[in-house]
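Chain A is the first sequence line, chain B the second, and so forth, proteins listed ahead of strands; every chain is numbered from 1.
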Amino acid sequence: MTVITRFAPSPTGSLHIGGARTAIFNWLFARHNKGKFLLRIEDTDQARSTDESLDEILRSMEWLGLNFDDIPIRQSERLEIYREYANKLLDSGKAYRCYVSPEELEQKRKEAQQNGEFFQYKRQWASESAGQDEPFAIRLSTPDHGDIQVHDLLRGIINFDAKEIDDFVILKMDGFPTYNFAVVIDDSLMEITHILRGDDHLINTPKQILIYEAMGFKVPMFAHVSMILGSDKTKLSKRHGATSIEAYRDFGYLPEAMINYLARLGWSYGDEEIFSKEGLIEKFSLENLGKSAAVFNPEKLTWLNTHYLKEKPGKEIAELIIPLMKDKGYNAELDDKLLMIIEQLRDRSKTIIDFVDQSHYFYTDHIEYEKKARDKFLKEDNIPVFKSLIKQLTMLESFDQDSIHKTFEDIMKKTGLKLGKIAQPTRVALTGGTVSPGIFEVMEILGKEKVIDRLNKALSAIGGN
RNA sequence: GGCCCCAUCGUCUAGUCGGCCUAGGACGUAGCCCUCUCAAGGCUGAAACACGGGUUCGAAUCCCGUUGGGGCUGCCA
């Protein structure tokens, strides 16, 4: 049997952390089993679905590298199909027309609630059929008693009492299918074998099983994965901060870090933490999925990001940061200078953005001294140091780390100063601040001309010439 | 309220059918080392089986209950 899974987002917003993870699980399960991973757009809510959301979801999927097989299916283009199947149910007596207006129902529901009663629609108003011209919804006729069993691959058998399930609507008055109905029709027609979805859908499953049975369709396998929560352990939402995949991309996170982190949230493989995409495909299995909800932890994501940043080829990092640097007005291009900068900034960057932020003094000649740095390191007693540095560096023929290092040692010997006493003022002179890669590396990358120039500027800032 | 799910360090988790667990790893955190700053790296530490009953020679692991958390309760998906 070929495994066929699907991801079925509704284009009513961004692809967020939770949705991305169920997509990842479905994708991994399909790829692991050499099956198919399909995409279906659930856009039956005309009011809330937008093309912008759809575009963003597709963009995020591509960014994550979650490739799907076949062209995506759009539910809004399949209205006829749902109507046809709903009519079949009508004809066979497994569904019936309901003429009660939503407003009226809402009223009844409210009244029941106020009286502390349990509200349920079980055909009691079915006879209130108005004339044939009146608009109607179609409801499924559900059993009054008995158990409905959900066989969940993760949680075993879960029993639902048929009494709890009312005659829910399958086709709305506007002719659109409801979520539960469209899902079942499509999952059947698409021949989905395994449905991996969020825990929050568990309650929908008995309803969907009822539809499968009424239609005479084969019931697929289900696995309800637990949800991702915010730090306060409630359902992850906007108030927890950034939740969309695109936001993390813009923060400078790598897709490989995102995939690794999300896959590891609710799934594990012994003590292993680092998984490449290939590793995940090879190792993923339903048995290792956890049952309890997981809290989203941005710090661990960041740690993974630094890990992947360390091993990403310099050229690839360059491709990612060059556009961002250009936005800042830096004259950056893929050359040895940029590659050297990347190597120096690798261990010092948590995100792609960090590379850009930390490289400013390599791409601008206007160095602004941080106040604290200037007060502490650009002082009169440094004048002799700067002077001898300028003098000796100027004489250097080859401006590489070794030669620079030797020059520093020479000055240390002559003055009796420790390296720190020379390096820090120099750092401030060259970068404007007290934090940077190793001073020799910085100097080599900047080149002789700029180094001497900046040292001179620092000297005059102190009043040394 | 009703129904359903869940319960190991702050967080993600290991713990496969009860003994090897004085509970392991990772993130974060504390200290130390390295060191021209900042990182990175190395070492060390603090930190958890929700509670109460069973079953058993023996339970984090099985059963029941309590508590806690989450989800659902729409002609939203």
Side-chain angles (χ1 to χ4, degrees), chain A residues 8-12 42-45 47-49 75 98 100-103 105-106 109 113 116-120 135-139 150 152 154-155 158-161 163-166 168-174 176-180 182-183 198-206 224 226-227 229 231 233-235 261 264-274 287-288 290-304 306 310 344-350 354 358 373 377 405 408 418-428 431 433-440 442:
Chain A
S10 55
T12 54
E42 310 218 322
D43 54 352
T44 52
D45 186 337
R48 296 197 305 142
S49 300
Q75 290 188 327
C98 167
V100 186
S101 73
E103 295 73 26
L105 264 177
E106 187 54 41
R109 192 174 284 122
Q113 204 169 35
E117 288 164 14
F118 176 55
F119 180 83
Q120 197 182 46
F136 59 88
I138 299 180
R139 287 177 182 270
V150 174
D152 188 283
L154 260 186
R155 300 166 200 278
I158 303 156
N159 287 305
F160 291 88
D161 194 329
K163 279 202 296 268
E164 303 289 335
I165 296 168
D166 64 356
F168 56 93
V169 171
I170 57 175
L171 207 70
K172 306 178 210 171
M173 272 185 181
D174 63 5
F176 279 70
T178 58
Y179 162 74
N180 280 315
V183 161
D199 216 344
D200 47 340
H201 285 287
L202 194 44
I203 205 78
N204 284 317
T205 309
H224 290 90
S226 45
M227 327 216 339
L229 310 177
S231 52
K233 302 213 172 196
T234 62
K235 196 172 178 173
Y261 177 72
R264 203 38 204 71
L265 206 57
W267 176 84
S268 64
Y269 193 79
D271 281 345
E272 289 184 40
E273 295 286 352
I274 307 292
E287 290 82 68
N288 293 325
K291 288 195 281 193
S292 48
V295 173
F296 179 70
N297 179 220
E299 268 113 31
K300 191 155 183 182
L301 205 211
T302 301
W303 171 73
L304 280 165
T306 62
K310 275 176 207 157
Q344 290 309 314
L345 260 24
R346 264 210 138 87
D347 286 341
R348 282 165 248 261
S349 301
K350 293 181 191 299
D354 284 347
Q358 295 183 88
F377 295 106
H405 197 157
F408 269 65
K418 287 191 172 175
L419 180 55
K421 292 286 180 191
I422 305 172
Q424 273 308 77
T426 307
R427 193 182 320 271
V428 176
T431 71
T434 55
V435 174
S436 86
I439 195 67
F440 309 127
V442 170

So what does [X] touch, heavy atoms closer than 4.0 Å: a base, only the sugar-phosphate, or nothing?
X        : answer
A/Phe168 : nothing
A/Lys310 : sugar-phosphate
A/Gly438 : base
A/Thr434 : base
A/Thr234 : sugar-phosphate
A/His201 : base
A/Ile439 : base
A/Pro437 : base
A/Asn204 : base

Counting side-chain heavy atoms from CB outward, which of [options] is closest to [X]?
X        : options                : result
A/Ala423 : B/rC36, B/rC3, B/rU37  : B/rC36
A/Ile158 : B/rC4, B/rU37, B/rC6   : B/rC4
A/Asp347 : B/rU37, B/rC27, B/rA39 : B/rA39
A/Asp45  : B/rC27, B/rC36, B/rC76 : B/rC76
A/Lys235 : B/rA77, B/rC72, B/rC27 : B/rC72
A/Gln424 : B/rC36, B/rA77, B/rC6  : B/rC36
A/Val435 : B/rC38, B/rG71, B/rA39 : B/rC38
A/Asp271 : B/rG71, B/rG25, B/rC5  : B/rG25
A/Ile203 : B/rA26, B/rG71, B/rC6  : B/rG71
A/Glu164 : B/rA39, B/rG2, B/rC75  : B/rG2

Separation of A/Leu419 CG from A/Gln424 CD (nearest 0.5 Å): 9.5 Å
Under-3.5 Å donor-acceptor pair between A/Arg155 side chain and B/rC5 base: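 No such pair is found, so the answer is no.
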Criterion side chain to side chain contact (heavy atoms under 4.5 Å, CB included) against A/Gln344, the qualifying member of A/Pro437, A/Ser349, A/Ser436: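 When A/Pro437, A/Ser349, A/Ser436 are each tested with A/Gln344, the side chain to side chain contact (heavy atoms under 4.5 Å, CB included) holds only for A/Pro437.
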5' precedence on RNA chain B between A/Leu301 and A/Arg48 (nearest-nucleotide basis): A/Leu301
Whichever of A/Phe118 and A/Asn288 has its nearest RNA chain B nucleotide further upstream toward 5': A/Phe118
From A/Thr205, A/Asp199, A/Asn204, residue fulfilling side-chain hydrogen bond (donor to acceptor under 3.5 Å, both in side chains) relative to A/His224: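 Among A/Thr205, A/Asp199, A/Asn204, the one meeting side-chain hydrogen bond (donor to acceptor under 3.5 Å, both in side chains) with A/His224 is A/Thr205.
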Give every pair of a protein N or O atom and an N or O atom of nucleotides 46-52 of chain B that lie under 3.5 Å apart, one pair per line with the distance.
none

Quick one: is [N] close enough that its OP1 or OP2 comes under 4.0 Å of any side-chain N or O from [X]?
X        : N      : value
A/Thr44  : B/rA77 : yes
A/Ser268 : B/rA14 : yes
A/Arg109 : B/rC75 : yes
A/Lys172 : B/rA77 : yes

Output yes when a side-chain donor or acceptor of [X] lies under 3.5 Å from a complementary backbone atom of [Y], and no otherwise.
X        : Y        : result
A/Ser10  : A/Thr12  : no
A/Thr178 : A/Val169 : yes
A/Gln120 : A/Lys163 : yes
A/Gln358 : A/Arg348 : yes

Audit row: A/Tyr261, A/Asn297, side chain to side chain contact (heavy atoms under 4.5 Å, CB included) steps and yes/no: CA-CA 9 Å; A/Tyr261 177 72; A/Asn297 179 220; 3.5 Å; yes
Using a cut-off of under 3.5 Å, enumerate the N/O to N/O pairs linking the protein to nucleotides 9-12 of chain B.
{"unit_1": "B/rU11", "atom_1": "OP1", "unit_2": "A/Lys233", "atom_2": "NZ", "d": "3.0"}
{"unit_1": "B/rC12", "atom_1": "OP1", "unit_2": "A/Val295", "atom_2": "N", "d": "2.9"}
{"unit_1": "B/rC12", "atom_1": "O2'", "unit_2": "A/Arg264", "atom_2": "O", "d": "3.2"}
{"unit_1": "B/rC12", "atom_1": "O2'", "unit_2": "A/Arg264", "atom_2": "NH1", "d": "3.3"}
{"unit_1": "B/rC12", "atom_1": "O2", "unit_2": "A/Lys300", "atom_2": "NZ", "d": "3.4"}

Spacing of A/Ile274 atom CD1 relative to B/rA14 atom C1', expressed in whole Å: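 So the CD1-C1' distance, A/Ile274 to B/rA14, works out to 16 Å.
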Short N-O contact, A/Asp174 and A/Lys172, less than 4.0 angstrom: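 Not counted as a salt bridge, because no side-chain N and carboxylate O are separated by less than 4.0 Å.
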